[in-house]
Amino acid sequence: MSQQQMWLQIEVLFQNEKPDSPIEKISYLTVPMKLTLYSYENGTKTALNENALSHDRKLKCFDNRCLPVTLLHLGNIKSPHYYVEIETSQVLLNGSSFKPIWTTYNARFTELELWFRFIFLILAFIAAVALCHSLRKYSIQDWSIEQKWIIFLLIAVMLYNNPLFPLMLLVSSPLISVIDACFTVTFFCSLLMFWLCVYHGIRKSERHFFSFYFMKICLVGLLWIIGCVILSWSALYETVDPAFSISQDQEGFLGIKILFFVLLGIYILYLLFLLVRAYSELHSMPYFDVRLRFLTTLTFIILFISLLAVAIRFGRAFLENSIVMEITLRWNNSAEFLSFYSLFNSYLFTLAFVYSPSQTAMSYKDNPSFAMLSDSEDDVLYRGKKFANEYDEGEESM
């Protein structure tokens, strides 16, 4: 079947307006809803969740109507027809009507997603091979910390593009969705680790494991574990209870939610501290200052566009109702999908292009302490040009 994933939303419409109605203005109603899902094929109706549980859904209501709320999500569409029974409180049943809204990805979008994931995957592989090829004539000790990390990030972005994505359309196992979620979390945590290591390592020549990497691995590793656990649990539990939603049934995740935001706050403060220290120590060194300014400018542009897109797409609901993003973001159109995926792929491709050495590049020790004790960066980087100028002047004097 060419379609992938399906959502059912319901919109509550109140038919009789009362003067003392609590929904004359904006209000929130929390009502229990029990959903039983059946597959209907060849005249046979089969229950898919016989032991369905009741879930509370928070409705935002105004002008005698409530905004649509998601009732179920199917990661794999196995049957051509589905039948749904909904049990709810008497408050909604009196003087109200329900408008179901079914949403799915059509075959054309699925084909487009397949092709562009494949294209980004091939481009990431080519970029990784090209960067390794351009660095082959230099000793790995002479590689800058950015070059070492970019090779690792290009491998991570290949996981982000998910080479196993076609299996999600062919196999109904939730394991594929779990792997896809872990690939996504791994890529973004790799980016977080990259920023910490670069802004700290660019001003340090000695990068021992316990003094340099250990705290960073613990901090980012905890974020990676939380992301993988929550998204994997959501993917597995939705196969048993399609009405489960990680963004709405999060009472049991309150402790994890608090821990996630505490760790995220610590990460942001730590990154800002490293950024300020790096600029304060290296701003007078042209070679290192250029590296800092380029990476910071490009990263802030990518983050600004990402946060702006998330704010436009989700608004306040992202902070109010979600721990992290849903296991698979529901794209409203092809432009959203291409924008998000091309943004981070282009970020890595740009870094790979900029940090690849030119044909005339010379080996330079990536050590700010060495640079401060020996010749200035201008003398080291542009010595060939200066010597050429002196040689020309000598000829003219003769």
Side-chain angles (χ1 to χ4, degrees), residues 143-154 156-157 160 185-224 226-227 259-311 319 324 343-356 364-373 376-378 381:
W143 294 6
S144 68
I145 188 171
E146 297 98 324
Q147 291 169 332
K148 297 174 184 177
W149 268 101
I150 289 171
I151 293 176
F152 177 79
L153 287 177
L154 288 171
V157 81
Y160 176 62
V185 174
T186 300
F187 169 69
F188 285 107
C189 287
S190 299
L191 274 180
L192 298 181
M193 190 70 180
F194 164 69
W195 293 329
L196 288 181
C197 291
V198 167
Y199 285 116
H200 191 191
I202 198 172
R203 58 184 179 84
K204 288 182 68 70
S205 57
E206 299 294 333
R207 306 180 188 119
H208 300 294
F209 177 78
F210 283 101
S211 61
F212 184 82
Y213 289 103
F214 182 74
M215 188 174 71
K216 300 177 181 63
I217 292 176
C218 290
L219 179 59
V220 179
L222 286 174
L223 291 173
W224 180 83
I226 291 174
L259 178 61
F260 175 81
F261 282 110
V262 168
L263 292 174
L264 190 60
I266 294 174
Y267 174 87
I268 294 174
L269 292 177
Y270 185 35
L271 181 61
L272 291 176
F273 169 76
L274 295 177
L275 183 61
V276 172
R277 285 287 301 274
Y279 268 97
S280 63
E281 295 181 12
L282 304 177
H283 71 279
S284 60
M285 303 170 62
Y287 171 60
F288 293 94
D289 182 56
V290 168
R291 290 164 60 182
L292 277 175
R293 284 191 284 112
F294 167 75
L295 180 61
T296 304
T297 302
L298 181 61
T299 300
F300 269 93
I301 291 174
I302 296 298
L303 291 179
F304 175 77
I305 296 175
S306 302
L307 294 176
L308 181 63
V310 169
L319 296 177
V324 287
L343 184 66
F344 291 101
N345 279 275
S346 301
Y347 175 65
L348 267 299
F349 299 158
T350 303
L351 290 178
F353 174 76
V354 171
Y355 284 100
S356 60
Y364 178 70
K365 189 175 180 62
D366 189 25
N367 187 342
S369 301
F370 169 80
M372 286 185 286
L373 293 174
S376 69
E377 284 75 10
D378 291 335
L381 293 178

Engineer: Using 30° and 60° as the class limits, which term best fits the ring planes of F187 and F344: parallel, tilted or perpendicular?
Structural biologist: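 Perpendicular, since the angle between the ring planes exceeds 60°.
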Engineer: Using the side-chain contact (heavy atoms from CB on, under 4.5 Å) criterion, which residues pair with V262? Sequence neighbours excluded.
Structural biologist: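 Result, side-chain contact (heavy atoms from CB on, under 4.5 Å) vs V262: I258, I266.
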Engineer: CG/L153 to CD/E146 distance, rounded to the nearest 0.5 angstrom?
Structural biologist: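 CD of E146 is found 11.5 Å from CG of L153.
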Engineer: List for me each residue that meets side-chain hydrogen bond (donor to acceptor under 3.5 Å, both in side chains) alongside T186, sequence neighbours excluded, and say none if there are none.
Structural biologist: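 With sequence neighbours excluded, T186 shows a side-chain hydrogen bond (donor to acceptor under 3.5 Å, both in side chains) to W224, given in chain and number order.
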Engineer: For L343 and S306, work out which heavy atoms get closest and say how close.
Structural biologist: CD2-OG, 3.1 Å
Engineer: Looking at CG of L263 and CD1 of I268, how far apart are the two atoms once the value is rounded to the nearest 0.5 Å?
Structural biologist: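 CD1 of I268 is found 11.5 Å from CG of L263.
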Engineer: Calculate, to the nearest 0.5 Å, the distance between atoms CG and CG belonging to L298 and L303 respectively.
Structural biologist: 9.5 Å
Engineer: With a 3.5 Å cut-off and sequence neighbours excluded, list the donor-acceptor pairs that the side chains of residues 345-355 form with protein atoms.
Structural biologist:
from, atom 1, to, atom 2, distance (Å)
N345, OD1, N161, ND2, 3.0
N345, ND2, N161, OD1, 3.2
N345, ND2, Y341, O, 2.6
S346, OG, S342, O, 2.6
Y347, OH, W195, NE1, 3.1
Y347, OH, T299, OG1, 2.8
T350, OG1, S346, O, 2.7

Engineer: Can you establish whether the number of heavy atoms outside F210 located under 6.0 Å from its atom CZ is more than 12?
Structural biologist: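 No, because the 6.0 Å sphere around CZ of F210 holds 12 heavy atoms or fewer from other groups.
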Engineer: Given side chain to side chain contact (heavy atoms under 4.5 Å, CB included), test Y199 with L295 step by step and report yes or no.
Structural biologist: CA-CA 9 Å; Y199 285 116; L295 180 61; 4.0 Å; yes
Engineer: Show the nearest heavy-atom pair for residues C197 and I145, with the distance to one decimal.
Structural biologist: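 Minimum heavy-atom contact is O-CD1, 3.3 Å.
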Engineer: Return the minimal non-hydrogen interatomic distance between S280 and R277, and the atom names on each side.
Structural biologist: OG-O, 2.8 Å
Engineer: Which residues satisfy the ring-ring contact (aromatic ring centres under 6.0 Å, His included) test with F152, sequence neighbours excluded?
Structural biologist: W149
Engineer: Who are the ring-ring contact (aromatic ring centres under 6.0 Å, His included) partners of Y267, not counting sequence neighbours?
Structural biologist: none
Engineer: Only distances under 3.5 Å count here; give the side-chain donor-acceptor pairs of residues 211-220 to other protein atoms, sequence neighbours excluded, each with its distance to 0.1 Å.
Structural biologist:
from, atom 1, to, atom 2, distance (Å)
K216, NZ, H200, ND1, 2.8
K216, NZ, F212, O, 2.6
K216, NZ, Y270, OH, 3.4

Engineer: To the nearest 0.5 Å, tell me how far L223 CG sits from L259 CG.
Structural biologist: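 Between atom CG of L223 and atom CG of L259 there are 8.0 Å.
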Engineer: As an exercise, state the distance from OG of S144 to CD1 of I150, rounded to the nearest 0.5 Å.
Structural biologist: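 S144 OG to I150 CD1: 7.0 Å, rounded to 0.5 Å.
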